[in-house]
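In what follows, chains carry the letters A, B, and so on, assigned in the order in which the sequence lines appear, proteins first and then strands, with residues in each chain numbered from 1.
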Amino acid sequence: MTNKILQTSFYNRPTRQVAQDLLGKIIIRQIGRKKYYGLITETEAYCGPQDQASHASKGRTPRTEVMFGPAGHTYIYLIYGLYHCFNIVTEKKDYPAAVLIRGALPLPKEWLGGVTLPLSKREMAEGQRGLASGPGKLCRYFKIDKTLNNLDITKPNKLWLVDSGLKPQRIIRRPRVGVDYAGKYKDKKWRFITRFS
DNA sequence: CAAGAGATCATCT
DNA sequence: GATGATCTCTTGA
């Protein structure tokens, strides 16, 4: 089974569409010879300069600069002094938007390509489930930190995504987390969750 | 269970 | 000087 790397054309689309389409895709993190795999189960969309929940709503700053860059690059920052958040920049250059990867299901290290449902007991093993659930835990599991900021993830280098061929059965929409300050944007249901079980 | 507090620092005002 | 796109642990019912 082929597992095509997601290209710029995938990310260079409306952000909420990308956020939904990312569910069921696979994160590959390579460190030396080791590879770690994760099936994406939860994302959030941050859409443009008018979205008050987005860091970019305050304008262009050194930190948010990458959000204004081309699609298919990472935007990684430190939150609360101790956790990292992994975002993927979307849409065209100079339009600041990104998708926060909030959760993934770690796959076995021997994973070679392709995913079929239902997942095996091993894939659903207790303990796996919680390892990358939540933006901070996900970055901890995949060892993602600011050294990977502004990385081109359309190339198989350190961190990239592939299409698993899997389609989520059902997508749950919820308001985004921790954005009470975002005025009329705080209740937008731009958080997308699915389950593979 | 649910609720609350603490950890800890880059970033922006 | 304040704050946050979080998580974990503790407390108490």
- Note on the structure: Partner of B:dT13 under the Watson-Crick or G-U wobble criteria, both distances under 3.5 Å, comes out as none

- Message: From CG of A:Asn149 over to C1' of B:dT11, roughly how many Å is that when rounded to an integer?
- Response: 13 Å

- Using a 4.0 Å heavy-atom cut-off across all strands, classify A:Lys137 as base, sugar-phosphate, or nothing. sugar-phosphate

- Look at all strands and tell whether A:Gly81 reaches a base, only sugar-phosphate, or nothing, counting heavy atoms closer than 4.0 Å. base

- Do A:His73 and A:Tyr11 make the cut of ring centroids closer than 6.0 angstrom? no

- Message: Nearest 0.5 Å, please: how far is CD1 in A:Ile5 from CG in A:Asn157?
- Response: 10.0 Å

- Item | Interatomic distance, A:Lys58 NZ vs B:dA10 P [rounded to whole Å] | 19 Å

- Message: Could you identify the nucleotide paired to B:dT8, looking across every strand shown and requiring Watson-Crick or G-U wobble geometry with both distances under 3.5 Å?
- Response: none

- Taking only the side-chain nitrogens and oxygens of A:His55, find out if one of them lies under 4.0 Å from OP1 or OP2 of B:dT11. no

- Taking atom NZ of A:Lys137 as the centre, does the number of heavy atoms from other residues, nucleotides or ligands within less than 6.0 Å exceed 12? yes

- Task: Could you check whether A:Arg140 gets within reach of a base, just the sugar-phosphate, or nothing at all, counting any heavy atom under 4.0 Å?
- Result: sugar-phosphate

- Between B:dA5 and C:dT3, how far is it from one P atom to the other, in whole Å? 16 Å

- For residues A:Thr41 and A:Ala104, report the shortest heavy-atom separation together with the two atoms involved. OG1-N, 3.6 Å

- Separation of C:dA5 C1' from A:Leu138 CG (nearest whole Å): 13 Å

- Task: Return the nearest nucleotide to the side chain of A:Leu78; candidates are C:dT6, B:dC9, B:dC12.
- Result: B:dC9

- Task: Return yes if some donor-acceptor pair links the side-chain N/O of A:Thr43 with the main-chain N/O of A:Leu100 below 3.5 Å, else return no.
- Result: no

- Listed nucleotide nearest any side-chain atom of A:Leu82, set B:dA10, C:dA5, B:dT8: B:dT8

- Separation of B:dC9 atom C1' from A:Asp145 atom CG, nearest Å, is 15 Å

- Query: If you check the A:Arg63 side chain, which of B:dT11, C:dT6, C:dA5 turns out closest?
  - Reply: B:dT11

- Message: Is A:Tyr46 stacked against the base of C:dA5, taking the criterion as centroid distance under 5.5 angstrom and interplanar angle under 30°?
- Response: yes

- Message: Quick check: on DNA chain B, is the nucleotide nearest A:Lys146 upstream (toward 5') of the one nearest A:Tyr80, or the reverse? Name the residue that is more 5'.
- Response: A:Tyr80

- Message: Tell me which nucleotide, if any, is Watson-Crick or G-U wobble paired with C:dA5 when both distances must be under 3.5 Å.
- Response: none

